[in-house]
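Before any comments, here is the structure.
Quick caveat, the model's predicted, so the values are computed rather than measured. Below, each value reflects all heavy atoms present in this structure, side chains not excepted, and no hydrogens, waters or symmetry copies. Residues: numbered from 1 along the sequence shown.
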Amino acid sequence: MGKITRRSFVNKFGLGVGASVVMTTLPSFMTETEKVHKPYTGKKLNIALCGLGNYASLLAEGLQVSEYCQLTGIVTGTPSKAEVWKKKYNIPEKNIYNYENFDSIIKNKDIDLVYVVTPNALHKEFTVRAAKAGKHVIVEKPMAITAEDCEEMIKTCNDNNVQLAMGYRLHYEPNHLEIKRLGQEKVLGQVRYIETGLGYSTYDVRDINKPVDLNARKEWRLTKKWAGGGCLINLGIYCIQVSRYVLGEEPIAVTAQFGHVNNKNMFSQVEENITWQMEFPSGAVANCSSSCGFGIDRFYAAADEGFFEMSPAVSYGPFVGKRSDGKPFNFPVINQQQTQMDEISKVILANQKLPNHITGEEGIKDVKIINAIYKAAETGKKVSLK
């Protein structure tokens with residue numbers, strides 16, 4: 001059989017678990033028969049999803065095709081959801097919990113890990129409760145609302161000898177691994193400037209007077225108590241993340257500005273729009289934006305010898321990127337949720353320690369930056385992170 005190129009192999013065969021690993025380990029040339037993927041047949045990590053909102057559904061679909069983990073339990077405060085999920089995913093009654101009886105999960109040997117996908121304000125509570133029950137934890141971003149909560153989560157997991165992972169799916173996405181490589185290895189020289197934004201049109205700007213019930217459970221992202229903030233903490237965190245891992249640096253100072261509030265009914269407690277700037281030790285600057293009022297999804301990095309960019313960039317993709325030198329920027333579309341959960345599960349199943357870039361140590365950094373950005377926007381002053 002004739003030889004095929006590294007890129008054509010990845011595009012043909014790298015669509016599932018471990019595509020990010022494949023990208024960094026394939027030789028320049030190989031035959032298809034040399035590298036055919038062998039399905040995993042060992043023990044799977046049993047996962048319970050805690051909180052059954054929209055994103056939990058994406059995780060559940062990813063778990064249906066995962067190799068190293070599987071959906072075996074659920075935790076929800078809504079009985080009707082429990083019944084639907086029980087039938088759809090064939091979940092045993094003994095593996096279904098509500099928020100009151102959750103602690104009894106300590107007796108359940110059929111659940112190894114709890115993935116916390118609740119409203120932000122509940123991340124700490126259920127991470128701590130899961131850890132005390134002896135279960136590993138993946139917590140969706142943001143890790144928590146305060147750095148103090150993050151510290152308690154890390155300590156409790158350490159004290160109970162369980163691992164704490166962050167739901168940073170883009171850490172395993174091949175396009176993002178590439179821009180991380182381009183930036184940190186200075187392929188086009190030192191990155192001097194980053195511009196990135198993520199926002200969605202969550203309402204019709206032409207109908208700004210439509211009433212909204214902020215007490216409704218589905219509107220938790222609009223309430224300070226449950227969300228901790230608006231577009232910054234829920235969407236802008238991706239802009240913070242990509243800036244940090246492309247540069248391989250931590251910001252030393254931030255400035256920020258709240259944007260105009262178009263819908264005062266919806267955004268009476270949390271911000272609708274925000275723009276912020278991050279300064280880095282190398283002298284690089286990142287200018288970032290996030291919004292619940294308009295759509296934006298892009299990343300651009302200017303370096304000494306050119307630029308690289310993506311649009312779409314930090315959402316769910318599929319991502320489209322290019323380089324100023326014209327070299328190919330073409331990577332496989334993967335199932336982001338499946339790949340993230342499988343890569344985390346492989347480490348836990350091997351009784352190895354998760355790398356810091358995907359643990360609570362990474363999550364607390366983002367929370368500290370987010371709170372500094374809010375302080376800068378509220379005071380109109382530069383806030384130091386040194």
Side-chain angles (χ1 to χ4, degrees), residues 45-60 62-63 69 71-79 81-82 85-86 89 91 94-169 217-218 220-221 223-229 233-234 237 337 340-341 344-345 348 354 358-364 366-367:
L45 201 71
N46 295 322
I47 293 179
L49 294 177
C50 179
L52 303 182
N54 292 334
Y55 191 63
S57 295
L58 286 179
L59 292 171
L63 284 165
C69 51
L71 178 63
T72 56
I74 54 174
V75 186
T76 178
T78 308
K81 283 186 179 180
W85 279 62
K86 175 184 177 181
Y89 297 109
I91 297 173
K94 70 182 183 65
N95 292 353
I96 298 175
Y97 297 88
N98 57 45
Y99 294 158
E100 286 70 39
N101 67 11
F102 173 71
D103 297 321
S104 63
I105 201 171
I106 191 173
K107 302 174 183 177
N108 194 329
K109 303 298 184 182
D110 294 332
I111 294 174
D112 304 307
L113 181 148
V114 175
Y115 197 137
V116 180
V117 208
T118 61
N120 303 340
L122 296 176
H123 286 183
K124 184 195 81 168
E125 176 187 343
F126 283 96
T127 295
V128 167
R129 291 171 72 179
K132 288 182 177 179
K135 309 301 180 184
H136 300 293
V137 181
I138 303 177
V139 61
E140 195 48 41
K141 59 81 199 163
M143 183 175 174
I145 291 176
T146 69
E148 292 75 18
D149 283 352
C150 295
E151 290 169 353
E152 183 177 345
M153 294 159 72
I154 293 170
K155 183 179 186 303
T156 305
C157 288
N158 288 338
D159 289 348
N160 288 275
N161 198 31
V162 298
Q163 299 220 52
L164 172 60
M166 288 297 306
Y168 286 141
R169 56 190 166 77
R217 180 173 294 185
K218 67 178 182 178
W220 67 265
R221 289 180 179 84
T223 63
K224 183 83 169 180
K225 175 182 177 181
W226 295 112
I233 197 168
N234 290 304
I237 189 171
Q337 290 75 29
Q340 169 205 314
M341 289 185 288
I344 290 172
S345 296
I348 294 176
L354 289 165
I358 203 70
T359 65
E361 281 74 12
E362 178 76 3
I364 194 173
D366 281 337
V367 171

Next on the checklist: Quick one about Asn108 and Tyr97 (side-chain donor to acceptor, distance below 3.5 Å, no hydrogens or angles considered), yes or no?
Outcome noted: yes

Checklist entry - Between Thr76 and Leu52, does a side-chain contact (heavy atoms from CB on, under 4.5 Å) hold up when you go through it step by step? => result CA-CA 6 Å; Thr76 178; Leu52 303 182; 3.6 Å; yes

Next on the checklist: What I'd like to find out is whether the side chain of Thr72 reaches to under 4.5 Å of the side chain of Ile91, using heavy atoms alone.
Outcome noted: no

Item to check | Nearest heavy-atom neighbours spanning Ile96 and Ala82 | outcome: CG2-CB, 4.0 Å

Item to check | Lys124 side chain vs Glu152 backbone, donor-acceptor pair below 3.5 Å | outcome: no

Checklist entry - Would you say the side chain of Asn120 lies within less than 4.5 Å of the side chain of Met143, judging by non-hydrogen atoms? => result no

Next on the checklist: Just checking Asp159: does its CG atom have more than 12 heavy atoms from other residues, nucleotides or ligands closer to it than 6.0 angstrom?
Outcome noted: yes

Checklist entry - Just one of Met166, Met153, Glu151 clears the side-chain contact (heavy atoms from CB on, under 4.5 Å) bar with Ile364, so which one? => result Glu151

Next on the checklist: What verdict does the side-chain contact (heavy atoms from CB on, under 4.5 Å) test give for Ile237 and Tyr168, after you've listed the backbone C-alpha separation in whole Å, the side-chain angles of each residue and the deciding distance to 0.1 Å?
Outcome noted: CA-CA 10 Å; Ile237 189 171; Tyr168 286 141; 4.0 Å; yes

Checklist entry - Which pair of non-hydrogen atoms, one from Ser57 and one from Tyr89, has the smallest distance, and what is that distance? => result O-OH, 4.4 Å

Next on the checklist: If only side-chain N and O atoms count, and only distance matters, is there a donor-acceptor pair under 3.5 Å linking Tyr99 with Glu125?
Outcome noted: no

Checklist entry - Side-chain contact, heavy-atom cut-off 4.5 Å: Ile138 with Leu113? => result yes

Checklist entry - Do side-chain atoms of His123 reach the backbone of Thr118 as a donor and acceptor pair under 3.5 angstrom? => result yes

Checklist entry - Do Asp366 and Lys141 have side chains that get closer than 4.5 Å, going by heavy atoms? => result no

Next on the checklist: Apply side-chain contact (heavy atoms from CB on, under 4.5 Å) to residues Met341 and Leu63 and explain how you reach the verdict.
Outcome noted: CA-CA 8 Å; Met341 289 185 288; Leu63 284 165; 3.6 Å; yes

Checklist entry - Measuring from Cys69:SG to Leu45:CG, what's the distance to the nearest 0.5 Å? => result 6.5 Å

Next on the checklist: On a heavy-atom basis, which atom in Tyr115 and which in Gly167 lie closest, and how many Å separate them?
Outcome noted: OH-CA, 3.6 Å

Checklist entry - Does a salt bridge link Lys94 with Asp110, judged by any charged N lying under 4.0 Å from a carboxylate O? => result yes

Checklist entry - Is there a donor-acceptor pair under 3.5 Å between the side chain of Gln163 and the backbone N or O of Leu354? => result yes

Next on the checklist: Taking side-chain contact (heavy atoms from CB on, under 4.5 Å) as the criterion, tell me which of Val114, Val116, Ile154 meets it with Thr127.
Outcome noted: Val116

